[in-house]
Amino acid sequence: MTFHIGASKGQIAETVLLPGDPYRARWAAETFLDNAELVNEVRGMLGFTGSYKGHRVTIQGSGMGMPSLSIYVNELIRDYGAQTLIRIGSCGAMQEHIAVRDVIVAMSATTVSTPSNTIFREVNFAPTASYALLRAAVDAAEKMAGARGIGVHVGGIYSSDTFYDERPDLNEQMVRHGILGVEMEAAELYTLAARYGRRALAVLTVSDHLISGDALPADQRERSFGDMIEIALEAALE
Ligand code: HPA
């Protein structure tokens, strides 16, 4: 048990999937895991442990934004020994060739600010995904994509601190430098994994498009989220 996670030590698996939304953690666990058991409900940030193809997996909500994710990931790594951490979440697309419902596998996560910038100060640290996980996720995504009609994109994303952004000029620079999409958590996940020698990845569904203004219709959200979770679970078997 830690400040924010009520599970006992053995209740958290070495592989952890991290959706921002605790209700998505419940839906994912009920839909994809065998024998899913509730292991955390402190502050309503639900976590479940079960198995996927015989491999033990925990799905734990991380909350929104890097400060929230940082709390859960620090405790999962330092107190529960998590080894493989995969964020599953949504993002806003920043390139015209990307469509809503496509999947983005994040190779790197640019950011202006993370809870870690007190460490790096003048250094621009480059938060980077685990190559082994990235390769496994891309393999799984490409196998799935043809049959399900989803596009798969691999590249850099932008982890912002604000959803309601007052700096459109920053987004313009991200677009200009080929950043695929914007979300709010991956940079801190990658930084913590680097610090503690763990493996991390973010697999994201495009829920909205910053250039076209398109958004995923509510009735397609569940299916898109499911595609992304399957990709993350297959990558975790690597
Ligand atoms: N901005 C930040 N985070 C997001 C967005 C966005 O447009 N869409 C989904 N997560």
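Read the numbers this way: they start at 1 and go in the same order the structure lists the ligands and their atoms.
Rounded to the nearest 0.5 angstrom, M94 CE and N171 CG are separated by 3.5 Å. Here the CG atom belonging to L76 is positioned 8.5 Å from the CG atom belonging to D79, to the nearest 0.5 angstrom. Interatomic distance, CD1 of I5 versus CZ of R43, reported as 12.0 Å (0.5 Å rounding).
Ring geometry, F225 versus W27: the interplanar angle falls from 30° to 60°, so the pair is classed tilted.
Numbered from 1 in the order shown, with element, the atoms of ligand 1 that lie under 4.0 Å from a heavy atom of L210 read 7 (O). Near S207, with a cut-off below 4.0 Å to any heavy atom, the atoms of ligand 1 are 8 (N), 9 (C). Every atom of ligand 1 is numbered from 1 in the order shown, and the set under 4.0 Å from a heavy atom of M184 is 2 (C), 3 (N).
At a threshold of 4.0 Å, the pair E234-K143 does not count as salt-bridged, since none of the basic side-chain nitrogens sits closer than that to a carboxylate oxygen.
Side chains of R101 and R223 form a contact here, defined as non-hydrogen atoms less than 4.5 Å apart.
Nearest to atom 7 (O) of ligand 1 by heavy-atom distance, out of V206, D165, D208, L216, is D208.
The parts of S90 lying near ligand 1 are both backbone and side chain, judged by heavy-atom distances below 4.0 Å.
Not a single N or O atom of F163, backbone or side chain, sits closer than 3.5 Å to an N or O atom of ligand 1.
Atom 4 (C) of ligand 1 has V182 O, 3.5 Å as its closest protein atom, hydrogens excluded (heavy atom only).
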